[in-house]
> 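Here it is, the structure, as structure tokens.
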Amino acid sequence: MIEIKNLSASYSKKGKPTIEDISFSLPSSNVGALLGANGAGKTTLFKAMLGLIPSKGSIQLDGKELSSLPSRERARDIAYIPQQISFGSLTVYDAVLLGRLPHFGIQESKEDQEEVLSVLKLLSLEDLAMRNTEELSGGERQKVAIARALVLHPKLILCDEPIANLDLKNQILVLDEIATLAKKSNVSVLLSIHDVRFALNVGDRFLFLKKGHLLADKTKEEVTIEDILTTYDIDKDDSRFHFLVDHFLAKGQHQNEKD
């Protein structure tokens, strides 16, 4: 489980906090969907959790304070899938093997090799093992990124817009892969995502960020249309966004009327 208490972070020690006083928890085997407009602080939250920027507050993973862990142990516990993925000219096998780097020193062991082959099989990538990653489709590269994260055997996977550059079919396939792996591997997954409807299909918990503050932390059953409208500053009477209202009504949820 990842548990965050009163977390604030900025890009310099003396700078104004980009995210402020954020608290939430995410159990193992759960997918947390991080929702918010551009500039809400989603990427900043990830960077703070990864220890890449100055932060204050508590970040605990399975009861251990992350700031107290050696960098190598921290790298073993948290895997990060960025929005922009580049593997260079590596083969799929070598790109995934890099995920095992925190586990070995100069040279990989037989166990590392077996772990890579096992994950490639799990994600149906074994036939692409010797292919250059530059020759792959966007969906295939995204699956390679997931494989590289999974082979680490982390306790937490952070995904920053994992479907941003994929077509509709691959968006659905990749999100389904992420949700399935969270359950099978007993790992917590926190992903930022722009498409609210996709988020509602894949997420177990929902974190609504706005201007660096956490507006709400809810389960799928607790989320209302008002959470969405408030987070994105959408007028409920704007006909261009009625598809969102329709989505909630189709699931038996009703808009909270304020007039």
Side-chain angles (χ1 to χ4, degrees), residues 29-38 42-43 45-47 49-50 52 75 78-103 108 112-154 156-204 243 247:
S29 300
N30 274 225
V31 175
L34 186 59
L35 297 169
N38 289 336
K42 300 186 297 295
T43 298
L45 175 59
F46 283 161
K47 289 183 176 180
M49 293 172 71
L50 291 165
L52 300 178
I78 304 178
Y80 177 50
I81 303 176
Q83 184 174 345
Q84 299 296 330
I85 302 170
S86 177
F87 302 107
S89 296
L90 294 175
T91 64
V92 169
Y93 177 91
D94 287 337
V96 175
L97 180 62
L98 279 179
R100 292 291 298 175
L101 194 58
H103 289 279
E108 74 273 14
D112 296 315
Q113 296 168 354
E114 291 174 348
E115 289 283 355
V116 171
L117 293 175
S118 176
V119 171
L120 291 177
K121 183 177 181 180
L122 179 67
L123 295 178
S124 300
L125 291 169
E126 65 265 45
D127 291 341
L128 301 177
M130 294 299 110
R131 285 273 300 276
N132 191 308
T133 53
E134 294 182 339
E135 299 173 359
L136 303 181
S137 68
E140 289 169 337
R141 282 198 300 273
Q142 196 69 46
K143 287 179 71 174
V144 173
I146 294 171
R148 184 173 65 177
L150 192 62
V151 80
L152 179 63
H153 288 300
L156 172 68
I157 299 178
L158 303 177
C159 304
D160 194 356
E161 295 292 343
I163 61 171
N165 301 309
L166 303 181
D167 58 47
L168 178 61
K169 179 180 179 180
N170 279 305
Q171 286 180 332
I172 294 171
L173 291 176
V174 166
L175 285 178
D176 182 65
E177 207 77 65
I178 289 172
T180 300
L181 291 175
K183 302 298 184 292
K184 285 185 176 180
S185 303
N186 196 36
V187 62
S188 301
V189 176
L190 182 61
L191 61 89
S192 65
I193 183 171
H194 275 302
D195 194 304
V196 174
R197 293 164 299 176
F198 281 167
L200 289 168
N201 284 331
V202 73
D204 298 300
F243 70 92
H247 177 93

> side-chain hydrogen bond (donor to acceptor under 3.5 Å, both in side chains): which pairs involve residues 143-153, sequence neighbours left out?
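For residues 143-153, and leaving out neighbouring residues, the side-chain hydrogen bond (donor to acceptor under 3.5 Å, both in side chains) pairs sorted by first residue read Glu115-His153.
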> As an exercise, state the distance from OG of Ser124 to CD of Glu140, rounded to the nearest 0.5 Å.
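Taking OG in Ser124 and CD in Glu140, the distance rounds to 11.5 Å.
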> What verdict does the side chain to side chain contact (heavy atoms under 4.5 Å, CB included) test give for Phe46 and Leu190, after you've listed the backbone C-alpha separation in whole Å, the side-chain angles of each residue and the deciding distance to 0.1 Å?
CA-CA 9 Å; Phe46 283 161; Leu190 182 61; 3.7 Å; yes
> Going from CG on Leu191 to CG on Leu35, what distance comes out if it is rounded to the nearest 0.5 angstrom?
8.5 Å
> Step by step, would you call Leu175 with Asn201 a side chain to side chain contact (heavy atoms under 4.5 Å, CB included)?
CA-CA 9 Å; Leu175 285 178; Asn201 284 331; over 6 Å; no
> Can you see which heavy atom on Ala33 is nearest to which on Ile193, and at what distance?
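Between these two residues, the closest heavy atoms are CB-CG2, 4.5 Å.
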> For the CD1 atom of Ile81 and the CD atom of Gln142, what is their distance to the nearest 0.5 Å?
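Here the rounded value is 6.5 Å.
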> Could you go through Cys159 and Val189, starting from their C-alpha distance and side-chain angles, then the distance that decides it, and tell me whether this counts as side chain to side chain contact (heavy atoms under 4.5 Å, CB included)?
CA-CA 7 Å; Cys159 304; Val189 176; 4.1 Å; yes
> Please report the interatomic distance CG(Leu173) to CD1(Ile178), rounded to the nearest 0.5 Å.
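Result: 11.5 Å between the selected atoms.
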> Using a 3.5 Å distance criterion without hydrogens, assess whether the side chain of Lys42 forms a donor-acceptor pair with backbone atoms of Gly36.
yes
> Measure the spacing between CD of Glu177 and CG of Asn170 and express it to the nearest 0.5 Å.
11.0 Å
> Would you name the heavy atoms of Thr133 and Ala95 that are closest together and state the gap between them?
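Heavy atoms of Thr133 and Ala95 come nearest at CG2-CB, 4.1 Å.
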> Ignoring hydrogens and angles, tell me if any N or O in the side chain of Ser188 forms a donor-acceptor pair with the backbone of Asn30 under 3.5 Å.
no
> Is any side-chain N of the basic residue among Lys183 and Asp204 closer than 4.0 Å to the acidic one's carboxylate O?
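Yes.
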> Step by step, work out the side chain to side chain contact (heavy atoms under 4.5 Å, CB included) result for Lys121 and Leu117.
CA-CA 6 Å; Lys121 183 177 181 180; Leu117 293 175; over 6 Å; no
> So which heavy atom on Phe198 is nearest to which on Gln171, and how close?
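Heavy atoms of Phe198 and Gln171 come nearest at CE1-OE1, 3.1 Å.
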> Does the side chain of Asp160 come within less than 4.5 Å of Tyr80's, by heavy atoms?
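Yes, side chains in contact.
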> Quick one: are Ile163 and His194 in side-chain contact, heavy atoms under 4.5 Å?
no
> What's the shortest heavy-atom distance between Val187 and Pro154, and which atoms?
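Closest heavy-atom pair between Val187 and Pro154: CG2-O, 3.4 Å.
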> Rounded to the nearest 0.5 Å, how far does CG of Leu52 lie from OG1 of Thr43?
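It comes to 11.5 Å.
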> Quick check: closest heavy atoms across Val151 and Val96, and the distance to 0.1 Å?
CG1-O, 3.4 Å
> In chain order, what residues pass the side chain to side chain contact (heavy atoms under 4.5 Å, CB included) check against Asp112, with sequence neighbours excluded?
Leu97, Arg100, His103, Phe104, Glu108, Ser109
> So which atom in Pro162 and which in Ser192 form the shortest heavy-atom distance, rounded to 0.1 Å?
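Distance-wise, the nearest heavy atoms are CD-O, 3.4 Å.
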